[in-house]
Amino acid sequence: MKKKAFITGITGQDGAYLAKFLLEKGYTVYGGYRRTSSPNFWRLEEFDLMKDVELMEVDILDTGNLIRTFSKSEPDEVYNLAAQSFVAVSFEKPVLTGEITAIGATRVLEAIRIVNPKIKFYQASSSEMFGKAQEMPQTEKTPFYPRSPYAVSKLYGHWLTINYRESFNIFGCSGILFNHESPIRGIEFVTRKITDSVARIRKGTQEYFEIGNIDAKRDWGYAKEFVEGMWLMLQQQNPEDYVLATNEAHSVREFIEHAFGHVGVTIQWKGKGPEEYGVDAATSKTRVKVNPKFFRPTEVEVLLGNYEKATRELGWKPRVKFKELVEIMQQRDIERLS
Ligand code: NAP
Ligand code: F7E
C-alpha cells in the first residue's frame, strides 16, 4: 500500500521541496493550501508538481476544516509547515502570528487526536526559539530565549508537540530547523532579497537595494536537504526532536559580498551603523544602503546549530554549505531574468 502524507503549507518553500521528495519516495501527497483570491502555486509549477500533488483547500485557523480534510485524505503522516513565518511581520501582527503559528499547531494536533491518533506528526519548529542564544552552538538541550512574537509562537507549537506526545502518545516530532534557503525562498527573506536584487543590478534594471542589520549572523543551509531530515524523523522507532543545521554562521554582510562576487563585483563598505553603504569598488556606484526601517525591535544576533544528534540517529548531514548555497541562489535569479 502506498503511504499517504498530508503537508500543510504546500504553497511555501518547504512545502514544494517536501512534496517533491515524498513523491519520489512513492508517497501519495496531499497538499493543504488556504483560499486566496488569486492562485499562489508558482513553486509547485516551477517544480512541475501540479498534476502529482492532491491539492485540498484547508486553513489551519479552522479546526472543523482540518478534521474533515484528514478524515477524507486519511494520511499516515502529517507535516505541519503552515505558519506566518516572517519574523519582521510578527512584530506588527502578533495576534495573527499567534493564531496561525501557535494555535494553528494545536488545531492540527487536535484534528489528528480526533480523526486518528496513530497519524505521525511533524512540527516545523525553528532555531528562532533560541533567539538570544544561551550557548554556542545550540543543541536540542540549549535553553530557549525567543525574541519575537514569531519565535514565541513557535515555542508554543514546539512544547505542545512534546505535550501531545507525552499526554496522548501521539508520534509527534519537532524539527528545530536553522535557516534553510533555496532559489524558491520567499522574496522578503534576506537571502532571496539579496540574490534577486543583485540579479536586477547586474541586468541594469535596479541601481541599489536597501537592507537592515548586516552584522546579524545565521546558520544557512539548503532547503532541499532539510526536508529529507523531516521525513527521516518520522521513520524512527521513537518520536524525538532534532536540530538540523550546517554548524557554520555567516553574516548578512558576507552573503552580500559573495552574491556580488558571483557576478564579478567587489563591494567596498563605507560609513558606519545606520549610515553604512556598499559601493562597487570598480565604479564607485552605491549598490547597497543600510536603512534602519529594516531593523527589528529585538534582533537575533547570531545562531549556530549543532546537528550531531541528527547525524548519529538519522544519518542526516548537510552537504551544501554557505558559498555553494549563495551560488545556487544567485545563479537561478540571474537565469530568471534572462
Ligand atoms: P513559507 O514559505 O513562509 O510557507 C508558509 C506556508 O504556510 C505557506 O504555504 C502559507 O500559505 C501557509 N500558511 C500561512 N497561513 C496559513 C493558514 N492560516 N492556513 C494554511 N496555510 C497557511 O515557509 P517555509 O520557509 O516553507 O517554512 C516552512 C515552515 O518551517 C514554517 O512553519 C516556518 O515557520 C518553519 N521554519 C522555516 C525555516 C526556514 O528557514 N525556511 C526555519 C525553521 C522553521 P500562503 O502561500 O497562502 O501564504
Ligand atoms: O532575516 C537580517 C534580519 O528574515 C535574517 C524564517 O524562515 O529563519 C527565517 O527567519 C537576518 C535577520 O530570516 C534584512 O534582521 C538584515 O537578522 O531572512 P530573515 P529570519 O528572521 O532568520 C528562521 C529560522 C525561521 O524560522 C523563520 O520562519 O537578516 N536582515 N536586513 C534582514 N532581513 C530581512 N528579511 N530583510 C532585510 O532587509
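Every number for a ligand or one of its atoms is a count from 1 in the order of the listing. For reference, positions follow the sequence shown, starting with 1. Every heavy atom of this structure was used, including side-chain atoms; hydrogens, water molecules and symmetry mates were not.
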Give every residue pair that meets the salt bridge (charged side-chain N to carboxylate O under 4.0 Å, His left out) criterion with at least one member in residues 57-68, sequence neighbours excluded. none
Atom CH2 of Trp269: over 12 foreign heavy atoms under 6.0 Å: yes
Side-chain donor/acceptor of Arg336 to backbone N/O of Pro183, under 3.5 Å: yes
Plane angle bin for Phe322 and His258 - parallel if under 30°, tilted between 30 and 60°, otherwise perpendicular: perpendicular
Summary of side chain to side chain donor-acceptor pair (under 3.5 Å) pairs that have at least one residue in residues 220-232, sequence neighbours excluded: Tyr27-Trp231
Give every pair made of an N or O atom of ligand 1 and a protein N or O atom lying under 3.5 Å apart, one pair per line with both atom names and the distance to 0.1 Å, or write 'none'.
unit_1: ligand 1; atom_1: 2 (O); unit_2: Gln13; atom_2: N; d: 3.1
unit_1: ligand 1; atom_1: 3 (O); unit_2: Ser85; atom_2: OG; d: 2.6
unit_1: ligand 1; atom_1: 7 (O); unit_2: Ala83; atom_2: N; d: 3.1
unit_1: ligand 1; atom_1: 9 (O); unit_2: Gly9; atom_2: O; d: 3.3
unit_1: ligand 1; atom_1: 9 (O); unit_2: Thr11; atom_2: N; d: 3.4
unit_1: ligand 1; atom_1: 9 (O); unit_2: Thr11; atom_2: OG1; d: 2.6
unit_1: ligand 1; atom_1: 9 (O); unit_2: Gly12; atom_2: N; d: 3.0
unit_1: ligand 1; atom_1: 11 (O); unit_2: Thr11; atom_2: OG1; d: 3.2
unit_1: ligand 1; atom_1: 15 (N); unit_2: Arg34; atom_2: NH1; d: 3.3
unit_1: ligand 1; atom_1: 18 (N); unit_2: Asp59; atom_2: OD1; d: 2.8
unit_1: ligand 1; atom_1: 19 (N); unit_2: Asp59; atom_2: OD1; d: 3.2
unit_1: ligand 1; atom_1: 19 (N); unit_2: Ile60; atom_2: N; d: 3.1
unit_1: ligand 1; atom_1: 25 (O); unit_2: Arg185; atom_2: NH1; d: 3.3
unit_1: ligand 1; atom_1: 26 (O); unit_2: Gln13; atom_2: N; d: 3.2
unit_1: ligand 1; atom_1: 26 (O); unit_2: Asp14; atom_2: N; d: 2.8
unit_1: ligand 1; atom_1: 32 (O); unit_2: Leu81; atom_2: O; d: 2.9
unit_1: ligand 1; atom_1: 32 (O); unit_2: Lys154; atom_2: NZ; d: 2.8
unit_1: ligand 1; atom_1: 34 (O); unit_2: Tyr150; atom_2: OH; d: 2.6
unit_1: ligand 1; atom_1: 34 (O); unit_2: Lys154; atom_2: NZ; d: 3.3
unit_1: ligand 1; atom_1: 40 (O); unit_2: His180; atom_2: N; d: 2.9
unit_1: ligand 1; atom_1: 40 (O); unit_2: Arg185; atom_2: NH2; d: 3.3
unit_1: ligand 1; atom_1: 41 (N); unit_2: His180; atom_2: O; d: 3.4
unit_1: ligand 1; atom_1: 41 (N); unit_2: His180; atom_2: NE2; d: 3.4
unit_1: ligand 1; atom_1: 41 (N); unit_2: Arg185; atom_2: NH1; d: 3.1
unit_1: ligand 1; atom_1: 46 (O); unit_2: Thr11; atom_2: OG1; d: 2.6
unit_1: ligand 1; atom_1: 46 (O); unit_2: Asn40; atom_2: ND2; d: 2.6
unit_1: ligand 1; atom_1: 47 (O); unit_2: Arg34; atom_2: NE; d: 2.9
unit_1: ligand 1; atom_1: 48 (O); unit_2: Arg34; atom_2: NH2; d: 2.7

Salt bridge present between [X] and [Y] (N-O < 4.0 angstrom):
X	Y	result
Arg218	Glu299	yes
Glu324	Lys321	no
Lys4	Glu54	no

Positive for ring pair (Phe, Tyr, Trp, His ring centres under 6.0 Å) with Phe226, one of Trp316, Phe178, Tyr17: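 The passing option is Trp316.
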Polar pairs, ligand 2 vs protein, N/O only, below 3.5 Å.
unit_1: ligand 2; atom_1: 4 (O); unit_2: Arg296; atom_2: NH2; d: 2.8
unit_1: ligand 2; atom_1: 7 (O); unit_2: Arg185; atom_2: NH1; d: 3.2
unit_1: ligand 2; atom_1: 7 (O); unit_2: Arg185; atom_2: NH2; d: 2.9
unit_1: ligand 2; atom_1: 8 (O); unit_2: Asn179; atom_2: ND2; d: 3.1
unit_1: ligand 2; atom_1: 15 (O); unit_2: Glu299; atom_2: OE2; d: 2.6
unit_1: ligand 2; atom_1: 17 (O); unit_2: Arg218; atom_2: NH2; d: 3.0
unit_1: ligand 2; atom_1: 17 (O); unit_2: Glu299; atom_2: OE1; d: 3.0
unit_1: ligand 2; atom_1: 17 (O); unit_2: Glu299; atom_2: OE2; d: 3.0
unit_1: ligand 2; atom_1: 18 (O); unit_2: Val190; atom_2: N; d: 2.8
unit_1: ligand 2; atom_1: 21 (O); unit_2: Arg296; atom_2: NH1; d: 2.6
unit_1: ligand 2; atom_1: 22 (O); unit_2: Asn179; atom_2: ND2; d: 2.9
unit_1: ligand 2; atom_1: 22 (O); unit_2: Arg218; atom_2: NE; d: 2.9
unit_1: ligand 2; atom_1: 26 (O); unit_2: Ser126; atom_2: OG; d: 2.6
unit_1: ligand 2; atom_1: 26 (O); unit_2: Tyr150; atom_2: OH; d: 2.7
unit_1: ligand 2; atom_1: 28 (O); unit_2: Ser85; atom_2: O; d: 2.7
unit_1: ligand 2; atom_1: 28 (O); unit_2: Tyr150; atom_2: OH; d: 2.8
unit_1: ligand 2; atom_1: 31 (N); unit_2: Gly212; atom_2: N; d: 2.8
unit_1: ligand 2; atom_1: 35 (N); unit_2: Glu188; atom_2: O; d: 3.0
unit_1: ligand 2; atom_1: 38 (O); unit_2: Lys193; atom_2: NZ; d: 2.7

